[in-house]
Amino acid sequence: MWKPLLPLAVVAGIVGLVASAVRLPFSARHDVAEVGAPPAQLVETVDQVNRLFAARWQAAGLTPAPRADELQVLRRLSLALQGTIPSLEEIREFEADRRPDRLSHWTGRILADPRFADYFAERLARAFVGNEEGQFIIFRRDRFTQWLSEHLQRNTPYDQLVHEMVAATGVATGKPAVNFVLATFANDQIDCNKLAGKTVRAFLGQRIDCAQCHDHPFDHWKQPDFEGLAAYYGQARQSIVGLEDKPVLDGKPREFEVLDRKTNEPRVVEPRVPFHPEWIPAGATRRAQLATWITHPGNRRFERAIANRVWALLFGRAFHEPVDDLRDPPDDPDLLDVLGRDFRTHGCDLRRLIQVITASAPFRLSSEWNPPEATAGTADPDTQWQEAEREWGVFPLIRLRPEQVIGALLQSSSVQTIDQNSHLFMRFKKLVTQNDFVREYGDLGSDELQDRGGTIPQRLLLMNGKLAWEALKIDPFNSSARINAFAGDDERRVETAFLVCLTRRPSRDEVQTFAATFAERPNRPARRDVMEDLFWTLFNSTEFSWNH
Amino acid sequence: MTRHMTAVSEFFSPDPVSPRTVSRRTVLQRAAALGLSFSLPALAPRQARARGTERPTSLLVVWLAGGPSQLETWDPHPGTKIGGDTRSIDTSLPGVQIAEWFPRVAGQMHHLNLIRSLVSKEGDHERGTYLVKTGYRPDPTLIHPSIGAVLTHEFPNPSLQIPLHLSLNPSPWPGRGGFLGDQYDAFKVYEPGAGLQNIKSRVESPRQQRRLQGLQVVERTFGNRRNRAVDETLHRQTVQRAVEMMDSTQLAAFEIDREPESVRENYGDTRFGRGCLVARRLLEEGVRAIEVTLDGFDSHVNNLETHKARAEALDPALAALVADLVERDLFDSTLLVCLGEFGRTPSINPLGGRDHWPSGFSCLVGGGGLRRGVVLGETDPTGQKTEPSRPIEVPDLYATLYEAFGVDFTREYQTPIGRPMAICPGTPIEDLLA
């Protein structure tokens, strides 16, 4: 008797739940778990950062943008840390949260969500091994990313991770850290030169690739430095047991040789670091020696590099651009030193670094900024605006990565949060559609932090593409249908659609315009069209495709 | 076409100066003039169907992906140890022979030039493709623009509503804008002749109009107090461009059912043949740079069979294309280059294949005001020498192409990080310049 009714009962139950989600602010549906560092522990460092910027703005005679609306900051956090936008469910819960500095609490909550570990692991993997799949079996990028994700989830100290990547031995699947080295495996050998360049770029934030052939034009990297670093990888070898270190092979010591550019003869190069050789420990493999040197507590470059990279991943723009070409550390500590010192003294804690940056003034500023009224002697508005942007006095507009666009599209098609607890169908859909979409949208590859403009194929994909259409059409499981059915009056409909797609409430102007469009069409099919059109409009706005 | 529309298209024509140093100011001024309006475009302007030297020059790259064998195409050595089973045939160019698999191209050789001695140091597909599409070797810290992107940047065409730079049947590495910006990337057409992906609106015009009107309202709210930042995203202008393109009559250039049956047959009923025919139609429309790819030359196994199969698509299409361009008086204003990322080894491996060989491979080049019938370089018929006579580096080929376009290729672009970069580091091949 009951069985045939069961599906109906489930549908009724879901409808009831959704109706309440769409209509009412949640009154703290369940308590937010206390996760992450409470703001009090960050206060000192955040103050230091804020003082640096206050001084900077004062020196530039600049009035920074006002504080951003909290929902907008929440959107930034979701995009940067999870690659998606907040769901209506999350927005309602956030708004019901009455704790002071709820944003910091929510940052902690996001950092504890497995979606953060997955998304951030992919970002870091691009910096460490690029985005090419490489030579399968020998190199396993998927395992590497998974390994990073597991450790981000556990919040393993970053210096340990880097040490592993440089020094680990084993096979690509069993010991995923070795993939950092194996990513360079080509023509039956490990490319030591490529590794030298990549090690310094990824972990020390400097480009010394040019030093393979000549001295660095301004910093103190010389050609012998490059060769000396490459030599640290010179005894690594890929064999049936995976990556190993063989100081001696077939009874002969293995030396690292380069072709001398003057004599055209092979020349043996001893491992050598360009500075602080006393950090090199005795009695370890060459790679382990290098790993210790890179992560040594005295190595400012190490912490500055990761501070700059995390800053870049949060803002979409590195503090020093390009992200992996920092100048030699300055005599007076700058922002990267403040962040780096805090990072180092707290056990190379990536989550804490993220907490500090996202709690500091620049991250919380609005992206709205107009120059003050022109007076005699002031620079023209363009110049003033450029200056405000350069000095981090206004939050920059940054084009979303393709993964973020698809994350936002899928999330806005659902009023509930799409995460590990989502319906299997939704997760499957995300998995299968993501790769196609990213390819069509244009993958940014490993240099994903470069500033680039949008393209016509991207616009066509969002205007007319299948995925966007599936996300906006009136379909019982889509948010568009649910909002139409349950939101209440037309003004609430408009407001909810804006919250779902843009994480903000509509302006007066917007409410009036779109509510009027609904009001003009009393019959149901026409109203469905209006809702679809509203979603289309929101998907195709600048606001949807750019972080702000 | 209203004045407003003209302003918009003009806006989109890339600036003929350095991308980073100029853009901001000009962008702002033009965006201010643009105002905030999205609209379905008025009727597209009638194309000036200029011909001959009146017409601005376009670039057409016929890209043979995978590395075609010089010995089975334009540089056969029949009867030698390295020549394999390929015989050679006479061409319309006295004294010049090519592989027997190209009887129709043989009839067009007098319009073209042939280089048989291209050399490079890049024997990997991706790196080789990078070099041969940009004229620069790969650099881990920078992406150079492809020649198509540079030409699009240097020579905008304001009356064009369809993309100025296209890749038909794109290979895994189509031409990129690199440091010039993604807006210079080649627009990819995966099935030439079968329309474009995502080009049709899913709703009728009144709804589309409503959507765009709604967009105006949302953009106004967002742009308020963010005007300059929003202008710099170029988002609205890109939307406008896409909307114009969706309704443009110029899209007809992508449709080949408008061509007579006989013409389509002449190019061959293959994806590549259709690509070449679409390319010709796009050239007539004034598109600046096109690459058409024929894939599958990576013949590590069964080299001969692989090349015969490719030739069945390449021979009719390439020959028809050259003949058609000449007949329509478009050849003098179309620079045609046909090549791949490298050639293949003189020796044949135990699997009947030839492996990668970047030292001495061939390239057809012609039109665009170049000389005709010049043949440069020779490879060693015994396969002993690893360098051909008169070796020509890829950047020198590039310098020649830029010279033919009238581009001062020694000029330097500023890359985003302020590193000056010459458009091309090569020296023109005087023998080819008229």
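Proteins come first, then strands; the chains are lettered A, B, ... in the order of their sequence lines, and each starts at number 1.
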Side chain from CB out, backbone as N, CA, C, O: work out which of these in [X] comes under 4.5 Å of a heavy atom of chain B, or both, or neither.
X        : value
A:Leu534 : neither
A:Val530 : both
A:Ser367 : both

Got a second to check how far [X]'s [atom1] is from [Y]'s [atom2], nearest 0.5 Å?
X        : Y        : atom1 : atom2 : answer
B:Gln197 : A:Lys466 : CD    : NZ    : 14.5 Å
B:Leu196 : A:Ile456 : CG    : CD1   : 11.5 Å
A:Trp385 : B:Asp231 : CH2   : CG    : 8.5 Å
B:Arg225 : A:Trp369 : CZ    : CH2   : 10.0 Å
B:Thr238 : A:Asn540 : OG1   : CG    : 11.5 Å
A:Gln384 : B:Arg228 : CD    : CZ    : 8.5 Å

Heavy-atom count around [X] [atom1] within 6.0 Å, excluding the residue itself: above 12?
X        : atom1 : result
A:Arg67  : CZ    : no
B:Arg176 : CZ    : no
B:Glu204 : CD    : no

Does [X] reach the side chain of [Y], with side-chain heavy atoms less than 4.5 Å apart?
X        : Y        : answer
A:Leu397 : B:Phe222 : yes
B:Leu212 : A:Trp536 : yes
B:Thr233 : A:His548 : no
B:Val218 : A:Glu510 : yes
B:Lys188 : A:Pro457 : no

Heavy-atom closest contact ([X] atom, [Y] atom, distance):
X        : Y        : result
A:Thr537 : B:Gly214 : CG2-C, 3.4 Å
A:Met463 : B:Val239 : CE-O, 4.3 Å
A:Gly465 : B:Asn198 : CA-OD1, 3.4 Å
A:Ser541 : B:Glu219 : CA-OE2, 3.2 Å

Next on the checklist: Counting heavy-atom pairs closer than 4.5 Å to chain B, which one of A:Asp509, A:Leu538, A:Asp529 comes out on top?
Outcome noted: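 Of A:Asp509, A:Leu538, A:Asp529, A:Asp529 has the most heavy-atom pairs under 4.5 Å with chain B.
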
Checklist entry - Going through the distances and angles, do B:Thr221 and A:Phe498 end up as a side-chain contact (heavy atoms from CB on, under 4.5 Å)? => result CA-CA 12 Å; B:Thr221 307; A:Phe498 269 77; over 6 Å; no

Next on the checklist: side-chain contact (heavy atoms from CB on, under 4.5 Å), that's the test. Do A:Asn464 and B:Lys200 meet it? Break it down for me.
Outcome noted: CA-CA 6 Å; A:Asn464 307 326; B:Lys200 285 204 176 64; 5.8 Å; no

Checklist entry - So what's closer than 4.5 Å to chain A heavy atoms on B:Asn224: side chain, backbone, both or neither? => result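 The backbone, not the side chain.
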
Checklist entry - Tell me, side chain or backbone of B:Ile199 under 4.5 Å from chain A's heavy atoms, or both, or neither? => result both

Item to check | Counterpart residues, side chain to side chain contact (heavy atoms under 4.5 Å, CB included), relative to A:Arg201 (two or more places apart) | outcome: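 For A:Arg201 the side chain to side chain contact (heavy atoms under 4.5 Å, CB included) partners, ignoring immediate neighbours, are A:Arg207, A:Asp209, A:Asp324, B:Pro140.
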
Next on the checklist: For residues 533-546 of chain A, which residue pairs pass the salt bridge (Lys or Arg N to Asp or Glu O under 4.0 Å) check, not counting sequence neighbours?
Outcome noted: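 Listed once each, the pairs are A:Arg504-A:Glu543, A:Asp533-B:Arg207, A:Asp533-B:Arg210, A:Asp533-B:Arg211.
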
Checklist entry - Does A:Trp469 have B:Arg202 sitting over its ring (NZ/CZ under 6.0 Å from centre, angle to axis within 45°)? => result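 Satisfied, under 6.0 Å and within 45°.
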
